[in-house]
Amino acid sequence: MDHHPKTVTPPRTRTSPYSLRLPSKKAFIAAAIDTTSGVAGGIASVLVGQPLDTVKVKMQTFPTTYRNAFDCFIRTYKQQGLFYGLYAGSSPALVANIAENSILFLFYGICQQSAVFISRKNCAIELNTLENAFCGSVAAIFSSLALCPTELIKCRMQAMHEVQMSYQTDIKRLPGAPMTKRLIGPYGLIKKIIAEQGFRGMFQGIGPTIAREVPGYFFFFGGYELSRSLLTPMDGSKNDLGVLSTLLCGGLGGVSFWLVVFPIDVVKSRVQVATKDVANNRGTLSTILLIFKNEGFTALYRGMTPNLMRTFIATGALFLAYEHTKANLNFLCQPHS
């Protein structure tokens with residue numbers, strides 16, 4: 001009879017690169033790559049989509065001023081020009097998109113690694129569409145906190161011309177002086193908001209922002225990953241998709257986002273811009289009721305057409321820049337013999 005003790009092999013434990021232990025060098029590199037890729041995507045999105053985003057905001061906040069999106073685009077260009085008109089708010093838009101997308105994709109990567117650990121899969125590429133969608137939804141909670149103040153400034157600057165026309169004395173001018181193209185810049189606008197409302201004023205619209213971002217990014221990443229899965233050959237990988245396929249998948253992800261949450265975005269824009277009709281009625285619920293009362297249900301979809309056009313192009317550019325930046329950085333960070 002064998003009396004030798006048996007050697008017991010301890011069970012293998014899976015560790016996540018984003019676990020609560022001290023993060024490894026690999027985890028820091030992965031987080032830095034996700035953040036940098038998100039920054040690149042945010043810049044590409046603004047450069048491509050800002051003019052149509054301006055049209056969207058103007059039509060949301062001043063629904064009776066323009067006949068349609070084309071009329072808004074042409075009149076904005078003629079009256080205010082390219083930089084001060086269609087690209088109004090580009091600086092805060094860049095800050096907003098860089099801040100939002102860097103945080104969004106950072107936490108998206110963290111959530112993906114957590115999902116990999118929980119589901120006992122080998123890597124993020126194995127996650128299904130639903131798992132990726134939930135990761136995007138959770139990541140949006142964190143990005144909303146960075147997005148709200150910067151998007152507040154962006155929306156105010158985009159609609160400043162119409163606000164000035166509505167409030168002839170809202171921003172002080174010299175008596176008899178003509179209205180200039182730009183009476184206040186981003187820094188001056190921030191000072192004005194903080195002076196009048198305090199630091200909390202920078203988070204005006206945080207409620208509808210979170211209500212838009214959390215469900216929106218579920219469909220945003222879900223639509224993107226589903227499109228990638230459908231376009232990937234049976235024996236191929238999603239990471240091998242080409243430029244046109246990535247643009248298409250990104251565009252479909254953006255369209256999925258806005259088809260679901262556009263009415264919430266209309267409310268957010270009204271609350272943040274605080275036009276004459278809602279100057280004393282800035283709450284989310286009260287703004288919704290005021291829109292229903294004065295303009296009807298269809299007002300919640302004002303600006304949808306230019307927005308879908310913008311988001312298809314801009315989100316396609318965002319994901320193209322994100323995926324290619326991430327692939328190149330991963331290649332550079334790999335040890336080479």
Side-chain angles (χ1 to χ4, degrees), residues 16-19 21-50 53 90-117 123-127 131-133 135-151 154 213 216-217 220-221 223-225 227-228 237-243 245-247 249-251 253-254 257 311 313-336:
S16 168
Y18 292 102
S19 62
R21 299 177 185 178
L22 186 64
S24 64
K25 180 181 178 181
K26 184 178 179 181
F28 278 120
I29 292 175
I33 289 175
D34 285 330
T35 303
T36 306
S37 302
V39 170
I43 294 173
S45 177
V46 173
L47 293 178
V48 172
Q50 183 67 9
D53 184 70
S90 291
S91 296
L94 274 171
V95 174
N97 274 269
I98 289 173
E100 179 191 19
N101 286 291
S102 61
I103 295 174
L104 177 69
F105 283 102
L106 168 63
F107 281 96
Y108 181 58
I110 292 174
C111 291
Q112 281 185 313
Q113 294 301 325
S114 300
V116 166
F117 177 67
C123 58
I125 199 70
E126 296 181 4
L127 295 175
E131 289 167 332
N132 281 310
C135 290
S137 191
V138 174
I141 298 173
F142 299 95
S143 64
S144 297
L145 300 177
L147 176 65
C148 183
T150 50
E151 194 158 83
K154 176 188 75 73
E213 299 290 287
Y217 276 108
F220 181 82
F221 284 105
Y224 174 65
E225 294 294 344
S227 301
R228 293 179 78 199
S237 169
K238 290 191 291 187
N239 290 336
D240 297 330
L241 291 178
V243 172
S245 296
T246 302
L247 285 171
C249 293
F257 178 101
T311 196
I313 300 170
T315 311
L318 184 153
F319 273 111
L320 181 64
Y322 168 78
E323 295 290 358
H324 279 259
T325 302
K326 186 173 182 177
N328 289 327
L329 290 177
N330 279 323
F331 176 77
L332 291 174
C333 292
Q334 287 177 355
H336 300 283

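Just so we're clear, the structure is a prediction, and the values are computed from it rather than from any experiment. Residue numbers run from 1 in the order of the sequence given.
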4.5 Å side-chain heavy-atom contact, L104 and F221: yes
Minimum side-chain heavy-atom gap E213-E100 below 4.5 Å: yes
Note, V243 side chain near H324 side chain (heavy atom, < 4.5 Å): yes
Any donor-acceptor N/O pair, S114 side chain to I110 backbone, under 3.5 Å: yes
Parallel, tilted or perpendicular: rings of F319 and Y224 (30°, 60°): parallel
Minimum side-chain heavy-atom gap V138-Y217 below 4.5 Å: no
K238 vs E225 side-chain heavy atoms within contact, under 4.5 Å: yes
Whether D53 side chain and G49 backbone form a donor-acceptor pair below 3.5 Å: no
Close side-chain approach of T311 and F220, heavy atoms under 4.5 Å: no
Ion pair E323/K326, N-O distance below 4.0 Å: no
Interatomic distance, S245 atom OG to D240 atom CG [nearest 0.5 angstrom]: 11.0 Å
Atom pair CG (L329) and OG1 (T36), whose distance is rounded to the nearest 0.5 Å: 6.0 Å
Main-chain N/O of L147 paired with T150 side-chain donor or acceptor, under 3.5 Å: yes
Spacing of T315 atom OG1 and L247 atom CG [to the nearest 0.5 Å]: 11.0 Å
Reported CD-to-CG distance for the pair Q113 and D34, which is rounded to 0.5 angstrom: 8.0 Å
Straight-line distance of I98 CD1 to I43 CD1, nearest 0.5 Å: 4.0 Å
Side chain S45, main chain G41, donor-acceptor under 3.5 Å: no
Gap separating the CG atom of L241 from the SG atom of C249, nearest 0.5 angstrom: 6.0 Å
Validation row: F105, V39 side chains within 4.5 angstrom (heavy atoms): no
